[in-house]
Amino acid sequence: MIKKNYLLAPGPTPVPSRVLLKGADDTIHHRTPQFIEIAKKAFEGLKYLFQTQNEVFILASSGTGAMEAAVANLLNPGDKAIVVVAGKFGERWKEICSNFNVNVIEIPVEWGDYIEPEELKNILIEHKDAKAVFTTHSETSTGTVMNLKEIAAVVKDTEAVLVTDAVSSLLAQELRTDEWGVDVVISGSQKGVMLPPGLAFITLSEKAWKLVETSNSPKYYFNLKAYKKSYPDFPYTPAVNLIYQLAEATEMIKEEGIENVWERHRILAEAVRNGINALGLELLSKKPGNVCTAVKVPEGVDGGKFTKLLRDKYGVTLAGGQGHLKGKIFRIAHLGYMSKFDMIVALSAVEMGLNELGYKVSLGKGVMAAEEVFLKEGV
Ligand SMILES: *Cc1c(COP(=O)(O)O)cnc(C)c1O
C-alpha cells in the first residue's frame, strides 16, 4: 500500500500549501523598502497572535533561542528566579537559568500535574527578592495546560516579572498577553503558527524592559536591545523567506479569527479525549489542554514499537514520551493546521496499531466517540 504521511505530532506541525508556496517567492535583500513592507505585516500579525500592543521580536532560531534570550536579557548572575518545573520544558527553563548562574528556586510539580496560583503566591511571599517567575503555559511533554490568567494575577502584585513559554500554546490556548498582564511571552514558528521550524518570537512588557536595562549577563546575537533599536528592521540578516511565510500565516489566522482558532483547538482536543476514553485508555494529564493529548501506553504494549509501527507502516506520526515518560505515553497533537478528519486519522491509527500489536480495542469505537463530539458541536 502506498503510504501517505500524516504529521500529527506537537511540532513540527503541518504547513498549509498557501504558506509553503509563499516561501518560494524570490529572496530579496533585507535592507530594502520592499522587504520592510513585508516584515511590517509579519510584525503586525504577531501582535494579533500574542494579543499585545508591544513589539514582538523575531529571532532566527528555534523556540529554545527565545527561552535563552529571555534569561540572558532579564537577569544577572546571582539573581533569584522561581522556576515551575512540571515537565521537559520546565526543566529546560531550569537548565538555561543554571547556565546563566541564576539562583533557581524550583517548584517541582509531578509530570502531568500543574501548579495552583495560591501555591505560587505563598512561594512569592517567601521569596520577595525573586526577579522573575518562569512558567510553561502548555507543558507539551505531558499535554497539560496551566492557569496562566490566574498565575499572572498573582505575579502582577509583586516585584517579579512573569515569563511564560507559549511555544506550543500560542493559538491552541486562549492567551491574552496585555489583558492578563503576562510580562514576557515567547513562542516559535513550527507549532500553532503553521510555519516550518526556524523562527522564535519574544515580547516584553514595560516592567520587563526595566529589568533588561539592568541585565549584564553575556549575550550578543540575542541582545534584545539591538532588536528593539532596529525594529521594524532587523539588526542582522533575518530569515527572509520564513518572514514571507509568517506574514502569510498570520493573514490566514486573521481570516479565521483568533477566537475561532482557539475554539477549533478546544473542539479537536475534546474529540480526541472522548475517543481515547471510549477505547478505555487512560490520559496522563490532570488538566489536559488543547495542544496535545498524552495517553498512557496500555500494559503489555511496547510504546516505542507502537509509535514506530504507526509512523513507518501507516504513515501516521504521533509523538512518544520524553524523559522518564519515554515508551510510557504517546501524544496525539491537535495543533496548528489541523481539522476534524486529522483527528479521525489519529484515532483510527491508534485503534489499528493497538490491535496489530495484540492489545484488543474495539475497532471504530474511538473514531465514533470523536465523531459524536463533532456532530454535537455542529462542525
Ligand atoms: C517545542 C517547544 C519548545 C521549543 O523547542 P524548539 O525545539 O527549540 O523549538 C519549548 N517549549 C515548549 C513548551 C515546546 O512545546
Side-chain angles (χ1 to χ4, degrees), residues 7-15 49-50 56-72 83-97 99 109 111-115 133-148 151 162-173 175 177 182 184-203 221-222 239 242 245-246 249 265 269 284-285 287-294 317-323 325-326 329-338:
L7 182 55
L8 300 170
T13 61
V15 181
L49 269 50
F50 280 73
V56 183
F57 301 101
I58 303 170
L59 309 172
S61 75
S62 78
T64 306
M67 295 174 78
E68 177 158 341
V71 175
V83 182
V84 180
V85 181
K88 182 81 189 161
F89 293 102
E91 273 182 356
R92 190 166 298 174
W93 275 135
K94 189 174 78 171
E95 285 164 14
I96 296 169
C97 284
N99 272 271
V109 178
W111 288 35
D113 209 342
Y114 58 100
I115 186 181
V133 177
F134 290 92
T135 61
T136 314
H137 187 197
S138 159
E139 182 48 83
T140 319
S141 61
T142 69
T144 305
V145 63
M146 58 176 263
N147 296 320
L148 184 59
I151 294 277
L162 174 62
V163 184
T164 209
D165 167 351
V167 176
S168 64
S169 68
L170 192 75
L171 295 163
Q173 301 286 162
L175 169 54
T177 301
V182 188
V184 180
V185 180
I186 68 120
S187 196
S189 56
Q190 79 276 23
K191 305 215 172 156
V193 191
M194 313 187 290
L195 294 182
L199 297 181
F201 314 118
I202 182 166
T203 185
Y221 186 70
F222 286 144
L242 272 167
Q245 294 180 302
L246 174 60
H265 284 84
L284 171 80
S285 178
K287 193 172 161 57
N290 301 338
V291 167
C292 64
T293 298
T317 300
L318 307 181
Q322 294 170 286
L325 292 177
K326 195 167 194 273
I329 60 165
F330 62 88
R331 292 171 295 152
I332 301 170
H334 14 81
L335 179 58
Y337 187 56
M338 291 190 193

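Atoms within each ligand, like the ligands themselves, are counted from 1 in listed order. Bear in mind that the values here come from a model prediction, so they are computed numbers and not experimental data. All heavy atoms count here, side chains included; hydrogens, waters and symmetry mates do not.
Judged by distance alone, the side chain of H137 and the main-chain N or O of L148 form no donor-acceptor pair under 3.5 Å. At distances below 3.5 Å, at least one donor-acceptor pair connects side-chain atoms of S189 with backbone N or O atoms of L199.
Here the closest heavy-atom approach between residue D165 and residue W93 is recorded as CB-NE1, 3.6 Å. Here the closest heavy-atom approach between residue T140 and residue C292 is recorded as O-SG, 3.5 Å.
Distance CG/L318 to CG/L7: 10.0 Å, rounded to 0.5 Å. Put simply, CD on E68 and OH on Y221 are 12.5 Å apart, with the number rounded to the nearest 0.5 Å.
Protein neighbours of ligand 1 below 4.0 Å, counting non-hydrogen atoms: S62, G63, T64, M67, F89, R92, T136, S138, T140, D165, V167, S168, Q190, K191.
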